[in-house]
Amino acid sequence: MERIPTKNDDLSEWYNAVCYRAELVSQAPVRGCLVLRPYGYGLWERLQSELDRRFKETGHENAYFPLLIPESLLTKEAEHVEGFAPEVLWVTEGGTETLPERLAIRPTSEVVIGVMYAEWIQSYRDLPVLINQWANVMRWEKRTRPFLRTAEFLWQEGHTAHATEQEAAEEVARMLEVYREVAEDVCAVPVYKGEKSVSERFAGANHTFSIEALMPDGKALQSATSHELGQNFARAYDIKYLSEDQSEQYCWTTSWGMSWRMLGGLIMTHGDDRGLRIPPKMAPTEVVIVPIPRGDTTALYEAARALYAECKAAGLRVKLDERPGQSPGYKFNEWDMRGVPIRIEIGNRDLEAGVATLVRRDKAVKEDGQKQAVPLGEVVSRIPEILEQIQQNLFAQAKAFLTEHTFSTTDRDEFVRLCTERAGMVDVPWCGRPECEAAVKEATGASTRNLREPALYDRCTACGEPARYQAYFAQSY
RNA sequence: CGGGAUGUAGCUCAGCUUGGUAGAGCGCUUGCUUUGGGAGCAAGAAGUCGCAGGUUCAAAUCCUGUCAUCCCGACCA
């Protein structure tokens with residue numbers, strides 16, 4: 001395996017190289033699409049299981065809806081269609097027949113699911129409906145990059161229907177918090193929570209909330225969104241119920257989603273010049289055991305296999321690398337590239353001393369604490385605590401970066417400079433006007449990432465009008 | 001969609017200016033020696049030079065067209 005470009009020199013090249021060299025993905029023979037290799041899929045499965053567990057805990061069930069949406073249905077919610085029209089892929093033929101009506105490949109599933117909800121929901125007793133779907137969707141993106149923006153991507157989309165606006169709002173807040181928790185506590189990627197501005201929000205939503213992470217190049221990454229759809233989709237798709245007082249009411253619906261883009265955020269946030277550094281909770285393999293053969297290896301392999309069995313029994317995601325063809329040094333580098341949090345080296349030298357050498361991926365080579373000798377009998381019991389330390393350490397490093405690259409200002413010149421230079425998250429009081437946001441974007445390339453209330457100062461830093469929000473401005477992926 | 005670049009072995013690329021038998025490193029296969037941060041030696045397998053036309057005795061190389069990919073922008077909840 002060849003070396004990769006350094007992360008600081010060229011983040012973009014480094015990022016691509018890591019994705020391919022760590023065998024997360026391969027380039028597909030289709031424009032803008034990604035092949036997820038087993039190791040990449042392993043990462044996705046970790047994210048899936050962490051999210052899915054939380055969805056179940058908050059009362060949701062999984063279901064599956066069709067990939068294709070008839071054009072006549074898609075066009076019912078005007079804002080929604082308008083927002084997605086430029087990116088929709090259309091199916092026009094089936095076999096040798098031209099289809100009587102074009103079918104859209106779903107860019108998101110509000111429409112199909114809305115149609116079904118209209119059928120399923122009759123009474124206030126049917127509410128709330130709390131459904132999640134694991135799916136692929138397609139958006140014809142002009143420019144693609146692994147995980148961060150691909151034509152086809154994997155995600156989950158929750159779709160719920162409620163009797164009242166307040167219930168819907170609570171649902172949206174609850175799921176946003178689930179996303180924050182998964183981003184920060186599982187992926188170790190710190191984020192800012194807030195509401196999207198009018199021009200940044202989901203097409204067809206009344207309110208969109210997001211979590212936003214900051215990448216090493218100072219660009220923000222929208223990592224998940226949660227939408228209050230009001231009664232817009234209910235009216236367009238006729239999602240109605242008879243209430244307790246016998247009046248007919250439209251439902252209040254929500255949708256929320258996180259995609260494999262989160263994995264891209266994780267990769268960029270934690271990776272270093274040796275490759276990936278995967279937070280233990282997300283690692284498909286938490287521990288890899290590398291035996292170091294020399295001379296008589298009978299006892300060595302026996303000990304390595306015993307250790308492997310012991311890890312397995314303790315419920316760890318563990319691999320034993322017994323490949324005979326590669327040198328230990330090669331294996332060290334390869335597992336570093338793949339970001340496995342803990343490596344256990346065991347050779348005759350260790351065996352004679354009755355120890356194994358534990359190596360932490362979050363530390364640099366030869367950094368204090370990177371390697372430690374642990375008595376063989378204590379190895380497995382020590383691992384959980386070290387994994388936890390690595391998890392915490394990666395989050396702390398990322399959090400420090402976010403904090404150091406978040407700038408608060410009320411000075412317009414400084415604001416413009418910070419935005420233009422891609423300094424990071426620029427936190428300013430803001431008026432909330434779309435014209436103001438458009439002007440900032442025109443001048444600096446940055447837009448609001450998300451907002452929170454109230455404003456901490458009277459005047460909008462960008463235009464001087466009365467401020468309504470505190471806004472994070474940044475350029476974005 | 002605008003600007004730039006690139007398509008030659010699994011990967012990274014040289015060869016093209018000045019047309020003349022298809023190259024290197026890494027990887028892969030076999031064997032021996034090795035193995036604590038990317039091992040050594042030896043032998044071997046592997047490419048219709050992105051695709052289509054044209055010029056020529058002869059095209060990876062020159063010309064035209066076309067497709068694809070990457071980078072930077074615009075666009076993108």
Side-chain angles (χ1 to χ4, degrees), chain A residues 1-5 10-13 15-17 20-21 23 26-33 79-80 82-88 107-108 110 137 139-146 148-151 153 155 157 195-212 222-229 255-259 261 274-275 290-295 297 300 321-337 343-351 353 355-357 359 364-366 370-371 373 441-442 445 447-450 475-477:
Chain A
M1 204 178 290
E2 282 172 42
R3 284 179 176 75
I4 54 173
D10 188 336
L11 185 68
S12 189
E13 264 190 56
Y15 177 76
N16 281 326
Y20 293 117
R21 299 269 173 75
E23 296 183 1
S26 266
Q27 211 169 85
V30 196
R31 199 202 86 105
C33 294
E79 257 186 56
H80 186 64
E82 199 186 317
F84 281 105
E87 323 178 354
V88 171
T108 176
E110 274 74 8
V137 291
R139 300 176 187 181
W140 199 240
E141 302 287 358
K142 301 279 177 12
R143 179 160 180 220
T144 59
R145 21 186 15 145
L148 301 176
R149 172 159 280 116
T150 44
F153 58 93
W155 75 347
E157 44 181 328
E195 178 165 4
K196 284 291 195 183
S197 70
V198 173
S199 34
E200 291 283 326
R201 78 183 167 210
F202 180 74
N206 287 357
H207 299 280
T208 287
F209 300 84
S210 74
I211 53 171
E212 303 277 338
Q222 176 178 297
S223 306
T225 48
S226 188
H227 315 291
E228 272 186 57
L229 304 175
S255 67
W256 28 273
M258 179 180 269
S259 76
R261 175 184 250 201
R274 286 185 288 144
V290 181
I292 295 153
R294 174 175 282 177
T297 55
L300 176 63
D321 188 353
E322 287 188 288
R323 288 173 300 170
Q326 269 83 23
S327 69
Y330 180 91
K331 292 177 181 178
F332 297 167
N333 282 289
E334 189 181 80
W335 292 113
D336 277 356
M337 177 65 67
R343 178 175 75 239
I344 301 178
E345 303 175 6
I346 180 162
N348 284 337
R349 206 165 76 196
D350 302 287
L351 219 49
V355 301
T357 303
V359 188
V365 174
K366 294 189 176 145
Q370 188 217 3
K371 297 194 180 191
K441 178 139 197 195
E442 173 71 26
S447 54
T448 60
R449 300 331 301 151
N450 61 29
Q475 297 185 32
S476 73
Y477 270 96

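Residue numbers start from 1 in every chain, and the chains themselves are labelled A, B, ... in the order their sequence lines are given, proteins ahead of strands. Keep in mind it's a predicted model, so treat the numbers as computed, not measured.
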Distance, C1' atom - from B:A39 to B:U34, rounded to whole angstrom: 6 Å
Whole Å only: how far is the OH atom of A:Tyr477 from the C1' atom of B:C75? 17 Å
With rounding to whole Å, what would you report as the distance between B:G19 and B:G37 at their C1' atoms? 49 Å
For residues A:Ser12 and A:Arg145, determine if any side-chain heavy atom of one lies less than 4.5 Å from a side-chain heavy atom of the other. yes
With RNA chain B as reference, determine whether A:Phe84 or A:Thr357 sits nearer its 5' end, using the nearest nucleotide of each. A:Thr357
If we ignore hydrogens and angles and just use 3.5 Å, is the side chain of A:Thr297 paired with the main-chain N or O of A:Leu300 as donor and acceptor? no
Nearest-neighbour nucleotide for the A:Asn333 side chain, B:C76, B:G36, B:G38 considered: B:G38
When you compare B:G15 with B:G23, how far apart are their C1' atoms, in angstrom units rounded to a whole number? 7 Å
Output the single nucleotide from B:C75, B:G36, B:A39 whose closest atom is nearest the side chain of A:Lys441. B:C75
Gap between atoms CZ and P, on A:Arg21 and B:C26 respectively (whole Å): 15 Å
Backbone of A:Val290 reached by a side-chain donor or acceptor of A:Lys331 within 3.5 Å: no
Could you identify the nucleotide paired to B:G31, looking across every strand shown and requiring Watson-Crick or G-U wobble geometry with both distances under 3.5 Å? B:C41
Rounded distance in Å between the C1' positions of B:U6 and B:C16: 15 Å
Side chain of A:Arg274 - closest among B:G37, B:A74, B:A39: B:G37
Can you find a pair of side-chain heavy atoms, one from A:Lys196 and one from A:Arg449, that are under 4.5 Å apart? yes
N/O contacts under 3.5 Å, protein versus nucleotides 68-71 of chain B?
from	atom 1	to	atom 2	distance (Å)
B:U69	OP1	A:Arg31	N	3.1
B:C71	OP1	A:Asn16	ND2	2.7

Determine the Euclidean distance between corresponding C1' atoms of B:U21 and B:G40; express it in Å to zero decimal places. 33 Å
Look for any protein N or O under 3.5 Å of an N or O in nucleotides 30-35 of chain B and output each such pair with its distance, or none.
from	atom 1	to	atom 2	distance (Å)
B:U35	O2'	A:Pro293	O	3.4

Rounded to whole Å, how long is the line connecting atom CD1 of A:Ile344 with atom C1' of B:G36? 15 Å
Ring center gap for A:Phe202 and A:Phe209 short of 6.0 angstrom: no
Atom CD of residue position A:Glu322 - does it have more than 12 heavy atoms of other residues, nucleotides or ligands inside 6.0 Å? yes
Here the distance between atom C1' of B:G37 and atom CG of A:Asp321, to the nearest Å, is 14 Å
In whole Å, what is the span from the CZ atom of A:Arg149 to the P atom of B:A74? 12 Å
In this structure, how many angstroms lie between the C1' atom of B:C76 and the CD atom of A:Glu87, rounded? 5 Å
Taking only the P atom of each, what is the distance from B:A59 to B:C63 in whole angstrom? 16 Å
For A:Glu442 and B:A74, what is the distance between atoms CD and P respectively, to the nearest whole Å? 10 Å
Is there a donor-acceptor pair closer than 3.5 Å between any side-chain N or O of A:Arg261 and the backbone N or O of A:Gln222? yes
Looking only at heavy atoms, what is the nearest atom pair of A:Trp335 and A:Arg323, with distance? NE1-NH2, 4.1 Å
If every non-hydrogen atom of A:Ala203 is compared with every non-hydrogen atom of A:Gly83, which pair is closest and at what distance? CB-CA, 3.8 Å
Taking atom P in both B:U8 and B:U61, what distance in whole Å separates the two? 14 Å
Take atom P in B:U33 and the same atom in B:C71, then report the distance between them in whole Å. 47 Å
Atom CD of A:Gln370 to atom C1' of B:G37: distance rounded to whole Å? 9 Å
